[in-house]
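Residues: numbered from 1 along the sequence shown.
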Amino acid sequence: MLTPPIKAIPIKSTFTRFVLSSINAKHTGPKRLPGYLSLACAAILAGCHTAPNQSPSAELSFAERCQALPAAGAPGLQRAEFQANQTVQHRFAPQEVLPPHCEAFGTLEPRTGIDDQEYAIGYHLRLPEHWNGKFFFEGGGGTNGNIGTATGTTGATNPSALAQGYAVVSQDSGHSNDLNNNPQASGTASFGHDPIARRNYGHASLKKVSDAAVAAITRFYGQSPRYSYFMGCSKGGQEGLAFAQKYPEVFDGIVASAPGMSLPRAALSQLWDVQQFAQLAMTPGDTSLDPAKLAKVFSAEQITTLQTTVIKTCDGLDGLEDGIISNFSACTNTRVIPQLRQQVCSDAANCLTSQQVSALEQSLAGPVDKKGEPIYAAWPWDTGVGSPGWQMWKLGNEQMPALNVMLGGTATPAIFSVPPVAVAATPQAAAAYALAFDVADGEAIINATSDTFTTSAWQDISARSANLDGFMARGGKIIVPHGVSDPVFSINDTLAWLQEVTARYGQQTNSTVRVFPVPGMAHCFGGPSTNQYDAFTAITQWVEQNQTPDEIIATAGPDTPWPERSRPLCPHPQMAVYNGNGSIEDASNFNCK
């Protein structure tokens with residue numbers, strides 16, 4: 001529930017003093033003031049002839065305060081502009097007309113890297129005219145490199161955080177996809193050749209941007225935020241957990257969806273996947289992998305056989321055959337593999353091959369080191385295995401090569417290796433790197449250091465610690481939604497982390513962290529799932545009203561087998577169980593048990 005908007009702070013307050021001090025400090029004597037300072041001076045002092053200690057005869061409008069914000073000493077802010085009715089197209093949500101706000105852009109710590117590229121931490125800030133007194137940090141994604149929208153997406157069907165009255169910031173994590181893009185060294189991942197850029201990407205830029213944003217917010221509105229929230233998915237989820245573990249004093253509530261908490265190890269698993277499915281794409285005599293062939297190793301009919309077999313094997317384990325495997329932990333290799341092998345034949349288009357079943361089994365089992373110990377985590381069998389979102393990562397499609405090739409084959413050499421390796425940012429070069437990589441020895445590479453890279457990729461970029469002492473001490477809350485069919489960050493890794501946190505804190509864990517599996521959902525969205533839900537309202541109610549989220553109601557989208565179906569998402573280890581009465585399309589007929 002949102003609090004009523006706070007009234008605009010009188011201009012005679014803190015903000016005026018900062019503008020005045022900037023003018024007095026930087027422009028003495030008869031020198032001509034820049035246009036924006038002339039405007040600020042005229043509006044505040046009713047002409048620059050007014051004595052500095054004389055009360056202003058008029059207050060600045062919101063738009064004038066916005067234009068004057070960079071001169072007020074806000075950290076790194078370079079420009080600001082009033083936006084009356086700006087329209088934005090969100091990536092995973094509908095187009096939105098934003099409320100009146102001040103849009104600002106800032107740069108922190110500009111420098112020249114050891115690779116002779118120019119780096120800086122760029123951030124994007126939006127300050128609503130009708131502020132609710134709260135702060136929202138928008139998480140990044142992938143390798144970042146862009147400053148983000150700073151609107152604060154809170155779900156596919158929900159208004160943005162900005163529309164809800166939050167001051168919102170986003171950032172590029174210390175590098176630019178436009179400026180720091182070497183095609184011969186992993187393209188937009190080439191920033192990994194600079195140790196500071198790598199560390200900023202992992203975590204170091206987060207606190208710097210948060211501090212700068214809060215300082216600007218405080219100077220603009222005359223008071224600091226009453227509550228602060230972070231929300232992100234994938235790399236954004238990793239950033240949320242990095243805040244909780246490394247900078248626990250910053251946020252009251254964090255939504256860390258599908259968190260890439262073990263990014264370097266997950267990247268090794270991506271290379272492992274490429275190697276398993278390449279065996280289906282390459283024929284005897286091939287000396288290289290054509291990434292386009294990965295998208296054709298399973299026909300549409302074979303994918304249907306795969307999904308149908310998994311559903312028939314595991315759907316009823318939760319007590320109801322409804323196309324959703326709520327009891328996914330029981331859907332094991334022991335159950336599924338024998339059933340898949342029964343689909344091996346050669347006389348029909350939907351037959352599987354023995355090699356296909358083996359590749360799937362090895363892929364979902366995950367990589368192991370030279371001692372046979374798991375490097376990352378296994379993946380559960382689920383209804384979303386084989387879905388378009390799953391295939392996009394593992395196999396690719398007609399429009400694009402597999403993301404496991406393009407990200408695993410470029411990020412691992414540039415960002416997760418010491419020393420970094422130069423690999424061209426092409427599908428062919430990335431695929432060749434992936435095939436040649438010794439995954440069993442990957443742990444040594446992601447944990448290596450040098451005189452130049454004094455901290456390892458694992459130290460810089462993972463957020464896998466169970467130590468939440470500082471975050472718990474301040475009463476912080478974390479919600480972690482995660483798709484059970486996520487093909488890049490396994491929910492099993494997230495659940496193993498939760499188990500480690502529970503082992504450390506016992507029952508106290510439930511008052512701080514809750515993980516909500518989303519059966520059928522792929523990476524952050526999609527899949528045969530109820531993937532439309534409002535985790536943000538759940539975290540604000542938990543923080544501000546002490547309403548513990550015992551369930552989050554989710555709805556299936558139009559591209560699912562059952563549009564508008566609703567289900568409760570349950571905190572692990574609970575699952576949604578049908579109570580035996582009423583429509584199975586209605587969440588009210590299910591309980592978390």
For D290 and K296, run salt bridge (Lys or Arg N to Asp or Glu O under 4.0 Å): C-alpha distance rounded to whole Å, both residues' side-chain angles, the deciding distance at 0.1 Å, then the answer.
-> CA-CA 11 Å; D290 178 359; K296 302 175 182 178; over 6 Å; no
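- Remark: aromatic rings of F137 and F243 are close, center separation under 6.0 Å.
- Note: L294 CG to L280 CG = 8.5 Å, rounded to the nearest 0.5 Å.
- Remark: the Q307 side chain and the T383 side chain contain no N/O donor-acceptor pair separated by less than 3.5 Å.
- A donor and an acceptor atom, one from each side chain of S358 and R341, are located under 3.5 Å apart.
- In this model, a donor atom of one side chain and an acceptor atom of the other lie less than 3.5 Å apart for T455 and R199.
- Annotation: the span from L407 atom CG to L263 atom CG amounts to 10.0 Å, rounded to 0.5 Å.
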Step-by-step salt bridge (Lys or Arg N to Asp or Glu O under 4.0 Å) determination, K235 to E239 = CA-CA 6 Å; K235 177 60 172 69; E239 292 166 357; 3.2 Å; yes
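- Aromatic pair F191/Y201: centroids less than 6.0 angstrom apart.
- Between F516 and H572, the distance from one ring center to the other does not fall under 6.0 angstrom.
- A distance of 5.5 Å separates CH2 in W379 from OG in S490, rounded to the nearest 0.5 Å.
- The pair D586-R567 fails the salt-bridge criterion, with no side-chain N (NZ, NE, NH1 or NH2) lying under 4.0 Å from an Asp/Glu carboxylate O.
- Using a 3.5 Å distance cut-off with no hydrogens or angles, the side chains of D493 and S262 do pair a donor with an acceptor.
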